[in-house]
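Here's the structure we're looking at; comments come further down.
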Amino acid sequence: QVQLVESGGGLVQAGGSLTLSCEASGRAFSRYSMGWFRQAPGNERELVAAINWSGSRIYYADSVKGRFTISRDNAKNTVYLQMNSLKPEDTAVYYCAQSQNPYSSSVSAEAVDWGQGTQVTVSS
């Protein structure tokens, strides 16, 4: 059974930083691409960042490029999202996601397992 447990959310002032962590279990972590999605009230869930199984391919949404960094530690079965220069528009519930397909090159919302989500609130 796949489990994804997020941590690190909270309240921060604009311009501040947070690091989200997601520890995965239930699959051979190193074989699966990982992603971070977010959903703000009234908005659809969007892909923020993704990293493929080997760490050789990384994707960022335009809205977070240059501010967010995704990384993974396969020895710890953990994926991270370092968020710097946070803006009020980054406020959302952030979800960790793991591809359901081993060795996939991308992360699709239609084929992932989800964490429970962690709230990130950025005050102005």
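Heavy-atom minimum distance, P88 versus A14: CD-CB, 4.1 Å. The two residues S104 and S99 make their nearest non-hydrogen contact at OG-OG, 3.0 Å. Minimum interatomic distance between G16 and V12 (heavy atoms only, all atoms of both residues): CA-CG2, 3.8 Å.
Applying the disulfide bond (SG atoms under 2.5 Å apart) test to pairs two or more places apart or on separate chains, those with a residue in residues 37-124 are C22-C96. Each ring-ring contact (aromatic ring centres under 6.0 Å, His included) pair with one or both residues in residues 74-94, not counting sequence neighbours, would appear here, but there are none. Within the structure, the salt bridge (Lys or Arg N to Asp or Glu O under 4.0 Å) test picks out the following pairs touching residues 103-122 (sequence neighbours left out): R27-D113. Pairs passing the salt bridge (Lys or Arg N to Asp or Glu O under 4.0 Å) check and including a residue from residues 69-78, sequence neighbours excluded, do not occur. Listed by first and then second residue, the disulfide bond (SG atoms under 2.5 Å apart) pairs involving residues 59-91 amount to none (not counting sequence neighbours). Residue pairs meeting the ring-ring contact (aromatic ring centres under 6.0 Å, His included) criterion with at least one partner in residues 95-124, sequence neighbours excluded, are F37-W114, W53-Y103. Evaluation of the salt bridge (Lys or Arg N to Asp or Glu O under 4.0 Å) test over residues 12-22, restricted to residues two or more places apart or in two chains, returns none.
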>> Between T118 and V93, does the side-chain contact (heavy atoms from CB on, under 4.5 Å) criterion hold? Intermediate values first, please.
In response: CA-CA 5 Å; T118 186; V93 178; 6.0 Å; no
>> Evaluate L81 against F68 for side-chain contact (heavy atoms from CB on, under 4.5 Å), listing each step before the verdict.
In response: CA-CA 7 Å; L81 186 67; F68 290 12; 4.2 Å; yes
>> Please evaluate residues W36 and M83 with respect to the criterion side-chain contact (heavy atoms from CB on, under 4.5 Å), reporting the C-alpha separation (whole Å), side-chain torsions for both, the decisive distance (0.1 Å), and the verdict.
In response: CA-CA 12 Å; W36 288 95; M83 305 185 293; over 6 Å; no
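For the side chain to side chain contact (heavy atoms under 4.5 Å, CB included) test, residues two or more places apart in sequence or in another chain that qualify with T121 are L11, T91, Q119. When the salt bridge (Lys or Arg N to Asp or Glu O under 4.0 Å) test is applied to E46, the partners found at least two apart in sequence or on another chain are R38. Under the side chain to side chain contact (heavy atoms under 4.5 Å, CB included) criterion, T69 pairs with Y60, Q82, not counting sequence neighbours. For R67, the salt bridge (Lys or Arg N to Asp or Glu O under 4.0 Å) criterion is met by D90, not counting sequence neighbours.
Checked by atom type, the side-chain pair N52/S105 shows no donor-acceptor distance below 3.5 Å. With hydrogens and angles left out, the side-chain atoms of T78 and S21 include no donor and acceptor closer than 3.5 Å.
Between the OG atom in S123 and the CG atom in L86 there is a gap of 10.0 Å [rounded to 0.5 Å]. Here CZ of R31 is found 14.0 Å from OG of S54. Values are rounded to the nearest 0.5 Å. A distance of 9.5 Å separates CD of Q13 from OG of S124, quoted to the nearest 0.5 Å. Distance check: I51 CD1 to S56 OG gives 8.5 Å after rounding to the nearest 0.5 Å.
Using a 4.5 Å heavy-atom threshold, the side chains of L20 and V120 count as touching. Within the 4.5 Å cutoff, side-chain heavy atoms of I70 are placed close to those of V79.
Looking only at distances, no side-chain donor or acceptor of Q98 sits under 3.5 Å from a matching main-chain atom of M34.
Grouping Ile, Leu, Val, Met, Phe, Trp and Tyr by side-chain contacts under 4.5 Å, direct or through others, leaves Y32 on its own.
The hydrophobic clustering, which links ILVMFWY residues whose side-chain heavy atoms are closer than 4.5 Å, places V112 and V5 apart.
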